[in-house]
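Written below as structure tokens is the structure these notes are about.
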Amino acid sequence: MRKVAMLLSILIGLPAVLFAQGAKPQTKPNILIILVDDMGYSDLGCYGGEIRTPNIDKLAANGVKFSQMHNCAKCFPSRASLVTGLYFQRTEVANFSNTATLGEVLKPVGYNTWWSGKHHSKFNPVTRGFDHYYGMIGGAENHFNPWSVEIPGEPSPDGKAKDKAKVKPWMDDTKKVTPWQTVKYDTDGFTDKALEWLDDSKKDKKPFLLYMAYTAPHYPLQAWPEDIAKYKGVYDGGYDAVREARYKRQIQLGLVDPKTSPLPPTEGKKKRKMSETPLSAEELRVEAMKMEIYAAMVDRVDQNVGRLVNKLKEQGKLDNTIIMFMSDNGGCAETPKSGDVDSTAPMGSVATYISYGQKWATVSNTPLRKWKQDSFEGGTGSPFIVQWPASIKPQTSWNRQPAHLIDIMPTLVEITGAKYPGNSKEANIKPMDGASLLPAFKAQSIARTQPIFFQFSNGSAVIDGQWKMVRDSKTWELYDMATDRTETRNLADQKPELVQKMDAQWQTWWKDCTGNEWDGNGKKDKSDKKDKSDKKDKKDKKDKKDKNNEMEE
């Protein structure tokens, strides 16, 4: 009996995932997290897009695909929440204070911890639990010349970094590097470094965490000519034709039910004036070319996902690797300006600096409303794919449970048996905000005990079960996501009690995160600003605000 009792205690202590779907007990899984930048909800082939993404589509076919994954609507908040498992409002995102990172949590349970790609913060990840970091500490870059300083004998880059002293650092562990010496295109370069790490550790018995934080397809739109050529003519039909074709494919894929997710009318931040003339044939061709380049960038990401998967196959590690793929926000409607663009350079080359604009961003987000920075679904909605052959059976249907980037940390803690907050030396670390997604991987209900909250800039939202309350100004709108995923029927006037209840939930969450009452603009409480007695405290707050403002790219 004593032996039986001991055996039971050992089995109970093992991570529950070892027995998922009848799988045999196994070692801790490898973890590959792939995050792309500014990619819309419908760009992948498996989410209705016409862009060629066979490698990512195969992950979806062999795993679980979510229809209601959410992010923070903006690059740096999403990345902070993914890496820490906390709402970004709990920290200052320049240094992730009062948090534990995935590296700090997984390293103590035997993981190699690697991060390749974009960081969009101020500190080097090797100081916070990661064995290796390679990439850009800043938020945006020239994809062909990440250093953004003219290379002798090559075209001038977009000109954003004429002063070498102001160049955003690119790190190879603790060494500052000039990436153009080795990187010809950053999507490929990030993958090259990850493959090096995998090769260097191929005989290592330790599991790994590999976080691939690609910058594509974030502007500037730049891609290899051979990738752009694949999409010549594909977008000549214009925005509406491509959007409607994507919507039809989404219906065929079972992602969208036209009864609950009607395709909303095209909307814009600015209303078109009646006096504006239609685009000329040349202007239409330029618009189509923008989307061709964007598609080529997504295509190149998919090619690099294929490179990673093939390496894992080659090393015999694919079956016991959990792969997660997602985007940090919705399609980007911004039209940034650059200081020194060569108007004669081929579009998509190192000397150009373009974005694809609001109308193509609307197409990217089909059928969702709004765009990056908004708390509507077009800003916060993301594709989310999970494959883990050893423990997850492929699910042909869509998982429609709401999820969020904050759920990644608790999911990996449960899977690996890690102890949060690991070896983080930060003070006042809050409990994880998310819920484990492991039940969803087994086609079960997520045990979520709290609503999901959002706030960025003027946008705010709260999702509680089937209900979503959202605003981009002072007025809340209410939508039943079970019958209106595309947020077309505002029920706020019909359900004032529910609006009042959810507003109270949001207010409580905001104060819990920030320590302040909501003042309408996401800044500190106004009473703090009137306190003249503590100049040092005011200076500290200003410095912190300035640091966070620097994060805006």
Side-chain angles (χ1 to χ4, degrees), residues 38-43 47-52 158 217-223 225 227-251 256 258 261-299 329-339 341-349 351-374 376-379 381 472 486-488:
D38 286 12
M39 191 190 79
Y41 184 75
S42 69
D43 287 324
Y47 278 74
E50 68 293 321
I51 302 174
R52 303 174 193 177
D158 54 68
H218 193 295
Y219 63 78
L221 300 183
Q222 295 169 328
D227 290 336
I228 298 173
K230 296 179 187 178
Y231 297 93
K232 183 174 178 58
V234 171
Y235 300 102
D236 289 355
Y239 319 106
D240 292 341
V242 178
R243 186 172 183 241
E244 289 168 6
R246 287 190 177 194
Y247 184 66
K248 290 179 181 178
R249 282 192 294 271
Q250 289 177 326
I251 294 172
V256 163
S261 302
L263 186 63
T266 300
E267 57 189 329
K269 294 178 184 287
K270 296 180 180 179
K271 292 184 177 180
R272 185 176 176 85
K273 296 179 181 179
M274 294 297 293
S275 60
E276 288 182 332
T277 58
L279 295 178
S280 67
E282 177 59 25
E283 288 171 326
L284 288 171
R285 178 64 200 139
V286 168
E287 287 298 296
M289 183 68 176
K290 291 177 182 178
M291 192 61 188
E292 290 171 12
I293 301 167
Y294 176 90
M297 295 176 77
V298 176
D299 187 309
N329 46 247
C332 177
E334 300 165 11
T335 52
K337 295 180 180 179
S338 183
V341 175
D342 182 354
S343 60
T344 66
M347 286 178 63
S349 67
T352 61
Y353 198 94
I354 55 175
S355 63
Y356 67 170
Q358 185 180 107
K359 291 183 178 179
W360 283 126
T362 299
V363 173
S364 277
N365 288 336
T366 306
L368 308 179
R369 286 186 58 202
K370 304 289 187 178
W371 318 271
K372 173 182 177 180
Q373 299 199 52
D374 292 299
F376 288 83
E377 292 292 283
D472 59 8
T486 49
E487 299 168 305
T488 60

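Note that the CZ atom of Phe376 and the CG atom of Leu368 stand 12.0 Å from one another [nearest 0.5 Å]. Atom OG1 of residue Thr266 and atom CZ of residue Arg243 lie 4.0 Å apart, to the nearest 0.5 angstrom. Rounding to the nearest 0.5 Å places CD1 of Ile293 at 6.5 Å from OG1 of Thr352. With rounding to the nearest 0.5 angstrom, the CD1 atom of Ile354 is 13.0 Å from the OH atom of Tyr219. Expressed to the nearest 0.5 Å, how far CG of Leu221 lies from CE of Met289 amounts to 10.5 Å. The line from CZ of Arg285 to OG of Ser280 is 12.5 Å long, rounded to the nearest 0.5 Å.
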For side-chain contact (heavy atoms from CB on, under 4.5 Å), just list the numbers for Thr486 and Leu263, CA-CA rounded to whole Å, side-chain angles, deciding distance to a tenth of an Å, and then say yes or no.
CA-CA 7 Å; Thr486 49; Leu263 186 63; over 6 Å; no
Is there a side-chain contact (heavy atoms from CB on, under 4.5 Å) between Lys370 and Glu487 once you walk through the steps?
CA-CA 10 Å; Lys370 304 289 187 178; Glu487 299 168 305; over 6 Å; no
Working for side-chain contact (heavy atoms from CB on, under 4.5 Å), residues Tyr41 and Thr366:
CA-CA 7 Å; Tyr41 184 75; Thr366 306; over 6 Å; no
Give the C-alpha distance, both sets of side-chain angles, the deciding distance and a yes or no for side-chain contact (heavy atoms from CB on, under 4.5 Å) between Lys372 and His218.
CA-CA 11 Å; Lys372 173 182 177 180; His218 193 295; 3.7 Å; yes
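Nearest heavy atoms, Pro367 versus Gln250: CD-OE1, 3.3 Å. Here the closest heavy-atom approach between residue Ala345 and residue Ser349 is recorded as CB-OG, 3.7 Å. Of all non-hydrogen atoms in Trp371 and Glu267, the two that sit nearest each other are CZ2-O, 3.4 Å. Residues Ala223 and Ala296 share a closest heavy-atom pair of CB-CB, 3.6 Å. Across Ser364 and Gly331, no two heavy atoms sit closer than the pair CB-CA, 4.5 Å.
Residues Tyr247 and Ser42 are not in side-chain contact: their nearest non-hydrogen atoms beyond the backbone lie 4.5 Å or more apart. Taking 4.5 Å as the limit, some side-chain heavy atom of Met39 sits within range of a side-chain heavy atom of Tyr294. In this structure, Ile51 and Tyr231 have side chains that are in contact, with non-hydrogen atoms separated by less than 4.5 Å.
Atom NZ of Lys232 is surrounded by 12 or fewer heavy atoms from other residues, nucleotides or ligands within 6.0 Å.
Panel note: side chain Gln222, backbone Tyr353; no donor-acceptor pair is recorded below 3.5 Å. With Glu292 contributing its side chain and Ala229 its backbone, the two residues share no donor-acceptor pair below 3.5 Å.
Between Tyr235 and Trp360, the angle of the ring planes goes over 60°, which puts this pair in the perpendicular group of the 30/60° scheme.
With respect to Arg246 and Glu50, a salt bridge is recorded, a charged nitrogen being found less than 4.0 Å from a carboxylate O. Note on Asp227 versus Lys230: salt bridge recorded, some NZ/NE/NH1/NH2 to OD/OE distance being below 4.0 Å.
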